[in-house]
**Student:** 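Pasting in a structure now, in structure tokens, and then I'll have a few things to ask.
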Number of protein chains: 2
Amino acid sequence: MNAKDKKIYLAKANVLKALSHPTRLWMAEQLEGGERCVCEFVDAVGVDFSTVSKHLAVLKQAGIVEDEKRGKKVFYRLKVPCVLKFMSCIESVIGSERFCGCP
Amino acid sequence: MNAKDKKIYLAKANVLKALSHPTRLWMAEQLEGGERCVCEFVDAVGVDFSTVSKHLAVLKQAGIVEDEKRGKKVFYRLKVPCVLKFMSCIESVIGSERFCGCP
DNA sequence: TTCTTACTTGGCAAAATAGCCAAATGTTCA
DNA sequence: TGAACATTTGGCTATTTTGCCAAGTAAGAA
């Protein structure tokens with residue numbers, strides 16, 4: 001790995017890192033169904049408004065989502081929808097680890 | 001998000017988290033070309049032996065790679081190759097952020 | 001203009017992560 | 001057996017991440 005490679009892999013890893021939090025991943029998947037405002041996520045996720053806002057900022061900074069203010073609300077939508085295409089594969093990984101909902 | 005959803009998204013996020021480090025992502029991609037022993041990574045990455053070993057342990061714990069000891073060496077290989085299928089998409093994300101090698 | 005709604009930002013403490021060093025383990029070779 | 005090699009583990013510190021609270025901003029309503 002030379003310096004240029006390091007930069008590229010750092011950039012790629014940052015995109016993955018943005019998706020590697022349960023709340024952020026869940027929100028990104030919700031956006032597959034179309035744009036949502038911040039308040040909708042706050043209601044559904046059950047954490048502080050500021051926490052949701054910061055999570056969305058991470059996804060935005062990574063280039064995964066974009067936002068638009070309309071009136072009092074800010075709507076977020078997927079900028080690069082393919083980012084969730086590989087979820088069936090991720091599911092097969094956790095499947096291979098015999099993940100289940102059991103206690 | 002109920003308790004079961006939380007568990008599932010935590011598990012999925014863990015797989016992504018395992019890949020969200022430049023060194024681990026690079027190593028996972030190298031494994032697409034076939035198995036490698038730890039020492040090969042140490043030489044290429046330029047970081048401590050113990051650090052490489054710990055990174056590989058993270059990938060293993062996530063279910064992405066598996067290892068096999070043969071003689072003195074431990075070989076790692078991809079357990080779920082599809083995990084890297086979405087890299088072209090990740091590249092399009094960093095492309096959309098106008099990522100380049102420039103300073 | 002003031003109030004309320006819908007956010008974002010700054011600050012902080014707790015927890016997790018990264019990478020180094022030193023020590024321990026397991027395997028082959030002399 | 002003992003030395004050398006390949007790797008893992010434990011321990012430590014520096015850095016990053018997370019999530020809450022409080023304060024700040026922007027837009028529409030009264």
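Per chain, numbering begins at 1; letters A, B, ... match sequence-line order.
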**Student:** Would you mind telling me which residue lines up with the more 5' stretch of DNA chain D, A/Gly71 or A/Asp48, judged by nearest nucleotide?
**Tutor:** A/Asp48
**Student:** What is the distance, rounded to the nearest whole Å, between atom CG of A/Leu59 and atom P of D/dT17?
**Tutor:** 14 Å
**Student:** Please determine which of B/Asp67, B/Ile64, B/Val15 meets the side-chain contact (heavy atoms from CB on, under 4.5 Å) test together with B/Leu59.
**Tutor:** B/Ile64
**Student:** Any donor-acceptor pair, under 3.5 Å, between the side chain of B/Ser50 and the base of C/dC21, if you only look at N and O atoms?
**Tutor:** yes
**Student:** Of the candidate nucleotides C/dC20, D/dC20, C/dC7, which contains the atom at the shortest distance from the side chain of A/Cys39?
**Tutor:** C/dC7
**Student:** Tell me which nucleotide among D/dA27, D/dT9, D/dT17 gets nearest to the side chain of A/Lys72.
**Tutor:** D/dA27
**Student:** Between B/Cys39 and B/Phe49, is any pair of side-chain heavy atoms under 4.5 Å apart?
**Tutor:** yes
**Student:** Using a cut-off of strictly less than 4.0 Å, decide whether A/Thr51 has a side-chain nitrogen or oxygen near OP1 or OP2 of D/dT18.
**Tutor:** no
**Student:** Please report the interatomic distance CG(B/Leu31) to CH2(B/Trp26), rounded to the nearest 0.5 Å.
**Tutor:** 9.5 Å
**Student:** With a non-hydrogen cut-off below 4.0 angstrom, is A/Tyr76 in contact with a base, only sugar-phosphate, or nothing?
**Tutor:** sugar-phosphate
**Student:** Given the ring of A/Phe41, does A/Arg36 sit roughly above its face, with NZ or CZ under 6.0 Å from the centre of the six-membered ring and within 45° of the axis?
**Tutor:** no
**Student:** Expressed in angstrom and rounded to an integer, what is the separation of B/Glu35 atom CD from D/dT7 atom C1'?
**Tutor:** 16 Å
**Student:** Just the rounded figure in Å: distance from C1' of C/dG26 to CD of B/Glu68.
**Tutor:** 16 Å
**Student:** Provide, to the nearest angstrom, the distance between the CZ atom belonging to A/Arg24 and the P atom belonging to D/dG19.
**Tutor:** 8 Å
**Student:** Scan B/Lys69 against the nucleic acid and name what it touches under 4.0 Å (heavy atoms): base, sugar-phosphate only, or nothing.
**Tutor:** sugar-phosphate
**Student:** Roughly how many Å is it from CG in B/Leu56 to P in D/dT9, rounded to a whole number?
**Tutor:** 12 Å
**Student:** To the side chain of A/Lys54, which of C/dT28, D/dC20, C/dA6 is closest?
**Tutor:** D/dC20
**Student:** When the nearest nucleotide of DNA chain C is assigned to B/Arg70 and to B/His55 on a heavy-atom basis, which residue is associated with the more 5' position?
**Tutor:** B/His55
**Student:** Can you measure A/Phe49 atom CZ to C/dT4 atom P for me and round it to whole angstrom units?
**Tutor:** 17 Å
**Student:** Grab the NZ-C1' distance between B/Lys73 and C/dT28 for me, whole Å please.
**Tutor:** 13 Å
**Student:** Assign the ring pair B/His21 / B/His55 to parallel, tilted or perpendicular, where the plane angle (0 to 90°) is split at 30° and 60°.
**Tutor:** tilted
**Student:** Given atom CZ of A/Phe41 and atom C1' of D/dG19, what is their separation to the nearest angstrom?
**Tutor:** 18 Å
